[in-house]
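Heads up: the structure comes next, in structure tokens.
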Amino acid sequence: MPDVKISAFPVASALNLTDYLTILQSGANKIALLSVLKTLLLEAKTLGGNASGDIVTTSDTQTLSNKTLSSPVLGGTAVTANGAELNILDGATLSTAELNFLDGATGNIQEQINAIQSATAIPYLAYQYTNSWVQSGTTKTITGATILTALGNPGGYKVGPYVDVTLWQESGGTCETVTGVSVKLNIAGSEIRYFDNIDLSGLTNTYTYAIVVTFRLIPDGT
């Protein structure tokens, strides 16, 4: 190749491996060597710059676009989530504290909420237990277990600690409320109080009685 000024080369590809570079300095004919070399070798791109085509460095702050990372490592930790998995967070507004509320969850949270709703729905209903019997003796006890058995033994529940009791006595084909009979309500439990039994005393032998117990169920806490 004949002698050509470096400044005349448009791009680095115009140079051949067999070409030589000679630098001469003579007054007004001086050339800005670094500028020319940058134009030839870097095609006028900037090291660590943010313009399109600039060259990425290891320490400069740069904004990169349209890059594919095959095995990214952040802070020494390999990122194994793929783009679809990371995009699940796109648009998320929850805070770190709110996200940490999930810590300790052992299963589908909605299913657990539904189970709680199903479990707590039953105590808010009022139930009635009715029993009629021909009295033998002057006392009678009706337990919470007896009442639950009449309901089909719903698991996980006890009769609430306070119940309404109405005692009836049949006489001559009619029923009337009973007077002179002692009705004692017994409750049990410490942290969770529940109905244990009703003790009736002062009953009259051979009479037919009917007792109506209105109550609610509560979770037994076990």
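This one's a predicted model, so the numbers in the text were calculated from it and none came from an experiment.
- Considering every non-hydrogen atom in both I187 and P161, the closest pair reads CG2-O, 3.0 Å.
- In this structure T141 satisfies the side chain to side chain contact (heavy atoms under 4.5 Å, CB included) test together with T143, N197, D199, sequence neighbours excluded.
- The distance from atom CG of L200 to atom NZ of K140, rounded to the nearest 0.5 Å, is 8.0 Å.
- Put simply, the side chain of Q62 gets close to the backbone of T57: a donor and an acceptor are under 3.5 Å apart.
- Under the 4.5 Å side-chain contact rule for hydrophobic residues, V212 and V183 do not share a cluster.
- You'll find the side chain of T146 reaches within 4.5 Å of the side chain of Y129, heavy atoms only.
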Under 3.5 Å, sequence neighbours excluded: what are the donor-acceptor pairs made by side chains of residues 69-86?
from : atom 1 : to  : atom 2 : distance (Å)
N82  : OD1    : A84 : N      : 3.1
N82  : OD1    : E85 : N      : 2.8
E85  : OE1    : N82 : N      : 2.9

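- The shortest distance between side-chain heavy atoms of L148 and V159 falls below 4.5 Å.
- Closest approach of F195 and I147 over heavy atoms only: CE2-CD1, 3.8 Å.
- Proximity of I218 to Y194: side-chain heavy atoms (C-beta onward) are separated by under 4.5 Å at one or more points.
- Taking CD1 from I109 and CG from L102, the interatomic distance works out to 4.5 Å, rounded to the nearest 0.5 Å.
- L151 is listed as a side-chain neighbour of F215, based on a closest heavy-atom distance under 4.5 Å.
- With contacts defined as side-chain heavy-atom distances shorter than 4.5 Å, the pair T204/V181 does not qualify.
- No donor-acceptor pair closer than 3.5 Å links the side chain of N186 to the backbone N or O of I198.
- Rounding to the nearest 0.5 Å gives a distance of 4.5 Å between CG of N50 and OG1 of T63.
- In terms of modelled atom types and a separation under 3.5 Å, the side chain of D103 and the main chain of N100 share no donor-acceptor contact.
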Note to self: Apply side-chain hydrogen bond (donor to acceptor under 3.5 Å, both in side chains) to residues W133 and Q135 and explain how you reach the verdict.
What the structure shows: CA-CA 6 Å; W133 73 96; Q135 180 59 24; 2.5 Å; yes
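- At distances below 3.5 Å, not a single donor-acceptor pair connects side-chain atoms of N131 with backbone N or O atoms of I211.
- Scanning both residues, A188 and D196, for their nearest heavy atoms gives CB-CB, 4.1 Å.
- Between L167 and the options V213, L203, T177, T179, a side chain to side chain contact (heavy atoms under 4.5 Å, CB included) holds for only L203.
- Under a hydrophobic-cluster definition in which Ile, Leu, Val, Met, Phe, Trp and Tyr are linked whenever side-chain heavy atoms come within less than 4.5 Å, directly or via other members, Y207 and V165 are assigned to the same cluster.
- We find the CG-OG1 distance between N66 and T68 to be 8.5 Å, quoted to the nearest 0.5 Å.
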